[in-house]
Number of protein chains: 2
Amino acid sequence: MVTIKDVAGAAGVSIATVSRALADPDRVAAATRDRVLAAADALGYTPNRAARGLRAGRTNAIGLLVPDLTNPYFAVVARGVSQRARSHGVAVFVADSEEDPAAEVDLLRGLVGQTDGVLLCSPRALIRDTDVLGAHPAVFVNHALDAAPSVALDDVAGAVAALEHLRSLGHRSIAYVAGPTTSWSDARRRDALQAVAERHPELEIHVLGPYPPTVEGGSAAAGVVIASGATAALAFNDTVAVGLMRRVIALGLRVPHDLSVAGFDDTYLTTLVTPALTSVHGDVTEVGRRATDLLLDRIERPDAPGELVLLPSWLVQRDSTAPPLSRLVPAPTTSPAPAEPTPGAP
Amino acid sequence: MVTIKDVAGAAGVSIATVSRALADPDRVAAATRDRVLAAADALGYTPNRAARGLRAGRTNAIGLLVPDLTNPYFAVVARGVSQRARSHGVAVFVADSEEDPAAEVDLLRGLVGQTDGVLLCSPRALIRDTDVLGAHPAVFVNHALDAAPSVALDDVAGAVAALEHLRSLGHRSIAYVAGPTTSWSDARRRDALQAVAERHPELEIHVLGPYPPTVEGGSAAAGVVIASGATAALAFNDTVAVGLMRRVIALGLRVPHDLSVAGFDDTYLTTLVTPALTSVHGDVTEVGRRATDLLLDRIERPDAPGELVLLPSWLVQRDSTAPPLSRLVPAPTTSPAPAEPTPGAP
DNA sequence: CTGAAAGCGCTAACAC
DNA sequence: GTGTTAGCGCTTTCAG
């Protein structure tokens, strides 16, 4: 390993001068600076971040904790985080709890010790436990906690839009396939659905679950959704929606004719499946970027007030939602008038 | 931050004793050890990894470089890496190059400086450049380079199996939708297909591409595949296969009747799409785990000889492959002994 | 069995 | 403008 000493020796200066030449080139004479930089370059010198961090009380790294890296949603968040972190010169530790709350706490504990701050994405464990987080800078994604900074998609608006969409199609009995009990987003959505239902007494909302936020979770919910008598289902996320849809189809029903299905997150899965999935869209990469910004800011100014940043979300209508079978005339839709799909034979 | 000094103070011992009590409990008196551990626990002490690493000349972290974290394949590799790394107490830096070779080199450079070793997954850049890697321990995934240790799925076997499967179904004109030019796996597969084609003179293989290893890449290939006259297509990976399939269907053709489609990697996408995708399966989580093992070993013993670990892969038949339209009688599928199919119309 | 002390690579006072 | 030096938190001789 080539250290600052080697460079100093090669350039014939002291290590302090090397350090300065690299950190603040204006504070050394031009000739010296050039000599130092040339030497550093020739030797392929890279400052040891651990040593630098030790001195500065910084690690120049942040941690990202997600419940499931194979879920496209979190992969995209991670991408946003990587982008922003890279442009700020900080590295990203990624930890995948695989939906296990206990593992989440363990991983968080590890992350805290070796990062300047942590990004907690859709935490499944109850993180009230300040013992593990302490005063460590943290930003939550899809989870608001006390005065901690948070970033989330405004899924309340999305949930309302989805429900209104289904209502306008003529659905009156709608199932919500809930995600993990500890999910903040899930709770928010349930409240939002409740509020809409109160505004429209003719609507009947069946909250079903909780189910695991996976394809399997969606499949598992199919029977219960059908038994509920709902003509449309809104699922916790796209992954669940896809699992639900596939199982419903496997059971011999048709989507959207027998059951309309909509998801959340608008991941790229939506356009891969048949029928294409109606979903609540948001800019997920941006969620990752904003969360990173907030975290880096928090690291600089630990006493800054926490805020909840809500990014817009809206519904993207595709082929998995349509009027219920009983209605022959489609309800009036405002602008993007979708052509009424003629129910063809299979 | 609670340091070793705090613990030493609380336990009424020196910092050296604390260090020993934690690292090698047998070397301190039982009573002292208990007192130290109790104090450490009470204070919530976690050793600072940067400091520890500085002393040991180690960072206790490894780097993982992938071309696309949103591809389920790499997400699963990352999961395997996380699992194994966690059980060895090393942290994982994840870097996503977003399929950009230049970014890849940059990210690699950054990773080298702050890790004990690097896992290079399906590198798109030419890494011969030892300037950037130097003597840094590295393990390749899906890429063999000189004497470096490597882990890959035996996709040659998989490619052969896929091609034989299509041949036994009666296909004679088969397209291969190639991935990135610099992909090692892609080159291996092309060679394997070539070898099979030479064994079976009646087979015509159209190598098409390169195309980006994404859904869009697959869609873009659809026209060319159809124009090639092939009755079956093998795609670089599932993502490409899915893009191809959807576009082909959107163009009004039927899969598998007008075109059979098969992919590689057997990601969870295969069972989400309609028809379910035939794909070459391998244990991808295990790839990540084995690669991590190899890397940790390499870090311990830098002079150990490199080896290429090939994990088995095999074909999983689903609904996206079937005899070509021209054949009315399906070829026998049970025994792997394909009866010579009656030649169909071109 | 335990403490004192050196030193990992680096930065930031503080001299000169 | 540049060198000297202390010390970040930790492990590891070396004494006792």
Side-chain angles (χ1 to χ4, degrees), chain A residues 1-40 43-61 89-91 110 112-116 134 136 299, chain B residues 1-37 39-40 43-61 89-91 110 112-116 136 299:
Chain A
M1 174 183 259
V2 38
T3 77
I4 199 172
K5 275 188 189 165
D6 302 322
V7 179
V13 295
S14 75
I15 61 167
T17 302
V18 175
S19 179
R20 273 190 290 257
L22 264 40
D24 193 357
D26 297 335
R27 285 186 34 206
V28 305
T32 322
R33 179 189 349 126
D34 293 347
R35 204 146 33 92
V36 169
L37 294 181
L43 272 58
Y45 169 71
T46 321
N48 180 319
R49 294 177 80 124
R52 175 181 288 185
L54 187 55
R55 187 68 240 275
R58 282 280 179 83
T59 63
N60 296 310
V90 319
V112 164
Q114 56 197 307
T115 57
D116 297 332
H136 204 64
I299 292 168
Chain B
M1 173 184 259
V2 37
T3 77
I4 200 171
K5 276 186 189 165
D6 302 321
V7 179
V13 295
S14 74
I15 61 167
T17 302
V18 175
S19 178
R20 273 190 290 258
L22 263 42
D24 193 357
D26 296 334
R27 283 186 36 206
V28 305
T32 320
R33 183 197 334 132
D34 293 346
R35 204 147 30 93
V36 169
L37 295 180
L43 272 58
Y45 169 70
T46 321
N48 180 318
R49 296 177 80 127
R52 175 181 289 189
L54 186 55
R55 189 67 237 276
R58 282 280 180 81
T59 63
N60 296 311
V90 320
V112 165
Q114 58 197 306
T115 57
D116 298 331
H136 205 64
I299 292 169

- Task: Evaluate the side-chain proximity of B/Val7 to B/Val13: yes if any heavy-atom separation is below 4.5 Å, no if none is.
- Result: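 No, every pair of side-chain atoms sits at 4.5 Å or beyond.
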Notebook entry, point to check: Heavy-atom distance under 4.5 Å between the side chains of B/Asp116 and B/Val90, does that happen here?
Noted result: no
[N] phosphate, OP1 or OP2: any side-chain N/O from [X] under 4.0 angstrom?
| X | N | value |
| --- | --- | --- |
| A/Ser19 | C/dT11 | yes |
| B/Thr32 | C/dC1 | no |
| B/Ser14 | C/dG3 | yes |
| B/Thr17 | C/dG3 | yes |

Figure out the [atom1]/[atom2] separation between [X] and [N], and round it to whole Å.
| X | N | atom1 | atom2 | result |
| --- | --- | --- | --- | --- |
| A/Leu43 | C/dG9 | CG | P | 14 Å |
| A/Asp24 | C/dT11 | CG | P | 12 Å |
| B/Ile15 | C/dA6 | CD1 | P | 13 Å |
| A/Arg20 | C/dA13 | CZ | P | 12 Å |
| B/Ile4 | C/dA4 | CD1 | P | 14 Å |
| A/Asn60 | C/dC10 | CG | P | 13 Å |

In chain order, what residues pass the salt bridge (Lys or Arg N to Asp or Glu O under 4.0 Å) check against B/Arg55, with sequence neighbours excluded?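 So B/Arg55 forms no salt bridge (Lys or Arg N to Asp or Glu O under 4.0 Å) with any residue.
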One should read off an interatomic distance between A/Arg27 CZ and A/Ser19 OG, to the nearest 0.5 angstrom, of 9.0 Å
With rounding to the nearest 0.5 angstrom, report the CZ to OG1 distance, A/Arg49 to B/Thr59.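 It is 11.5 Å, given to the nearest 0.5 Å.
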I would like to know whether B/Leu22 and B/Val36 meet side-chain contact (heavy atoms from CB on, under 4.5 Å); could you show each step before the answer?
CA-CA 8 Å; B/Leu22 263 42; B/Val36 169; 4.2 Å; yes
- Query: Starting at the 5' end of DNA chain C and moving along, which residue's nearest nucleotide shows up first, B/Arg27 or A/Val18?
  - Reply: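 Looking at the nearest nucleotide for each, B/Arg27 comes out on the 5' side.
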(Q) Check whether B/Thr115 reaches the backbone of B/Ala61 with its side chain - one donor and one acceptor, N or O, closer than 3.5 Å. (A)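 A pair under 3.5 Å: no.
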Result for 5'-nearest mapping on DNA chain D, choosing between A/Arg55 and A/Val13, is A/Val13
Check your understanding: A/Leu54 or A/Arg35: which one's nearest nucleotide on DNA chain D is closer to the 5' end?
Key ->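 Nearest-nucleotide comparison on DNA chain D picks A/Arg35.
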The first and last nucleotides of DNA chain D lying within contact of chain A, meaning any atom under 4.0 Å from one of its heavy atoms, run from D/dG1 to D/dG9
message: Regarding B/Ala29, tell me which of base, sugar-phosphate or nothing describes its non-hydrogen contacts under 4.0 Å with the strands shown.
response: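 Here B/Ala29 touches the backbone only, sparing every base.
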